[in-house]
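Here is the naming used below: chain letters follow the sequence lines, and residue numbers restart at 1 for every chain.
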2 protein chains.
Amino acid sequence: MLFTGTHIHKLDRKGRVSVPKRFRAALDTEEFAGIYLYQSHKESALEGCSHSHMERIAASLDELDMFSDEADDLADTILGSSHMLPYDGEGRIILPAELIEFARIEDQVAFVGRGRTFRLWNPDIFKPLQEASRTRTLNRGATLKLKPMSELPKGARPGTTTEEDAS
Amino acid sequence: MLFTGTHIHKLDRKGRVSVPKRFRAALDTEEFAGIYLYQSHKESALEGCSHSHMERIAASLDELDMFSDEADDLADTILGSSHMLPYDGEGRIILPAELIEFARIEDQVAFVGRGRTFRLWNPDIFKPLQEASRTRTLNRGATLKLKPMSELPKGARPGTTTEEDAS
DNA sequence: TGGGAAATCATGGGGGTCAATGGGATTTGA
DNA sequence: TCAAATCCCATTGACCCCCATGATTTCCCA
């Protein structure tokens, strides 16, 4: 269950786009056959995730004080603006017009893996941003502090499985 | 059992409105075929939930000091003003005049998912508020601290089922 | 290791089905 | 008895299922 790589697919004239096989494979243990999309806060992009990730967001919002302003805002922007998009028989989704417009998508869609989640971009917008991001990372000499293997969930390490996990 | 997305439906001249199919699907394990609505105490909107969620609210009120002013007020505003609205054969409810007036609803109703609950709005009122929410979220740099997977209810994680959990 | 066969994936499009809506008919209840 | 709620059916348009084709990738064997 990990989204990696950039996959560019075509948006057909019915507004459909194939979800990359690799992403579908990462989701095949989900009970809901499809993905969730919502507008990114910061970027001209769409945030994508699984049903169980959306459940996780909802459960986390439940934890915040039920009547707090912050929880309210997050509920409106994430849960209220999300679209639940089931696959058709060929593993495609219909991209709602509202989201196409928001992300300024034309005839191609870039699916960009971000680990537990992913993003959808107009490839022409994403490409220069990706290069800028790469340059910043190099200049900064950024290093990532890795979590020890022992803290990873079962099933994410070689030689371990979860009883019911068929991935 | 997760309410997501914004669905705009028409209020017909008999005061009926279709409950979005996705919301009905999220409720299909409920014994009561319908929804509960009550006036929001913060917004010009209606709060909606399932029968079992209403039970949960009642149980939470029990925990508050039985004779506190707060419990009194909440009991009045939530339980006292709530309407139990069954579907007709087509999955519609009749929106009581009192609630239509309170939420200043005209000919359209926006069903807005908030995870365990949802809200009903006049779309023209909701839209600018949602934009404001998005802006505040962005400015605040809000990030949601996600609960660990292991604390989620069964059925919300891949590879688990809900057979024993009908909530 | 190269090349060809076979399976899989991405894409295009037709048509059937179902959700949303509108309105008439019948029942219920005050 | 009248009003309001429920049932029933018709319409329509969006969505989903299906199949066909083209493009890759994978696999297998020489």
Side-chain angles (χ1 to χ4, degrees), chain A residues 3-28 30-37 48 51 82-101 105-113 118 120-123 166-167, chain B residues 3-28 30 32-37 48 82-101 105-113 118 120-123:
Chain A
F3 302 107
T4 59
T6 294
H7 312 263
I8 295 179
H9 284 175
K10 201 167 177 193
L11 184 71
D12 73 18
R13 103 177 72 160
K14 284 180 165 184
R16 297 177 300 188
V17 63
S18 291
V19 176
K21 185 202 93 180
R22 294 268 164 80
F23 284 22
R24 294 203 308 268
L27 291 168
D28 66 2
E30 296 277 326
E31 84 260 39
F32 167 60
I35 62 173
Y36 282 78
L37 291 179
H51 177 80
S82 72
H83 292 253
M84 181 187 193
L85 304 172
Y87 308 139
D88 67 10
E90 281 68 45
R92 291 173 290 197
I93 54 163
I94 297 179
L95 214 45
E98 181 195 356
L99 297 183
I100 293 176
E101 193 180 337
I105 285 169
E106 283 149 25
D107 59 339
Q108 288 193 320
V109 183
F111 288 75
V112 182
F118 54 92
L120 267 57
W121 290 86
N122 174 337
S167 67
Chain B
F3 301 107
T4 61
T6 294
H7 312 262
I8 295 178
H9 284 177
K10 210 164 176 190
L11 185 70
D12 71 18
R13 100 178 72 159
K14 287 180 169 182
R16 298 176 299 187
V17 64
S18 291
V19 176
K21 194 213 147 198
R22 293 260 158 81
F23 283 22
R24 294 201 310 266
L27 291 168
D28 65 2
E30 296 279 325
F32 167 60
I35 62 173
Y36 280 78
L37 291 179
S82 75
H83 293 251
M84 182 183 186
L85 304 171
Y87 308 138
D88 69 9
E90 280 69 43
R92 290 173 290 199
I93 54 163
I94 296 180
L95 215 45
E98 179 195 357
L99 297 183
I100 293 175
E101 193 179 337
I105 286 169
E106 283 150 26
D107 59 339
Q108 288 193 318
V109 183
F111 288 75
V112 181
F118 54 91
L120 267 55
W121 290 87
N122 175 336

Flag side-chain contact, heavy atom, 4.5 Å: H9(A) against P20(A): yes
K21(B), nearest nucleotide to its side chain (from dC7(D), dA19(C), dC16(D)): dA19(C)
Protein-nucleotide distance (I93(A), atom CD1; dT11(C), atom P), rounded to Å: 12 Å
Nucleotide nearest R92(A) when distance is taken to its side chain, options dC16(D), dT11(C), dG24(C): dT11(C)
Residue pair I93(B) / P86(B): nearest heavy atoms and the distance that separates them: CG2-O, 3.8 Å
Closest nucleotide among dG12(C), dT21(C), dA10(C) to the S18(B) side chain: dT21(C)
Touch class at under 4.0 angstrom, heavy-atom based, for R16(B) against every strand present: base
Candidate nucleotides dC16(D), dT6(D), dG13(C), ranked by approach to the side chain of I94(A) - the nearest: dC16(D)
Donor-acceptor pair (no angle test) under 3.5 Å: K10(B) side chain, dG22(C) base: no
E106(B)/N122(B) under side-chain contact (heavy atoms from CB on, under 4.5 Å): CA gap, chis, key distance, verdict: CA-CA 7 Å; E106(B) 283 150 26; N122(B) 175 336; 3.9 Å; yes
Ring geometry between F118(B) and F3(B) (parallel below 30°, tilted from 30 to 60°, perpendicular above 60°): perpendicular
Sugar-phosphate, base or nothing in reach of R22(A), heavy atoms under 4.0 Å: nothing
Listed nucleotide nearest any side-chain atom of P86(A), set dA20(C), dT11(C), dC16(D): dC16(D)
Nucleotide dA10(D), atom P - distance to CG of D12(B) in whole Å: 19 Å
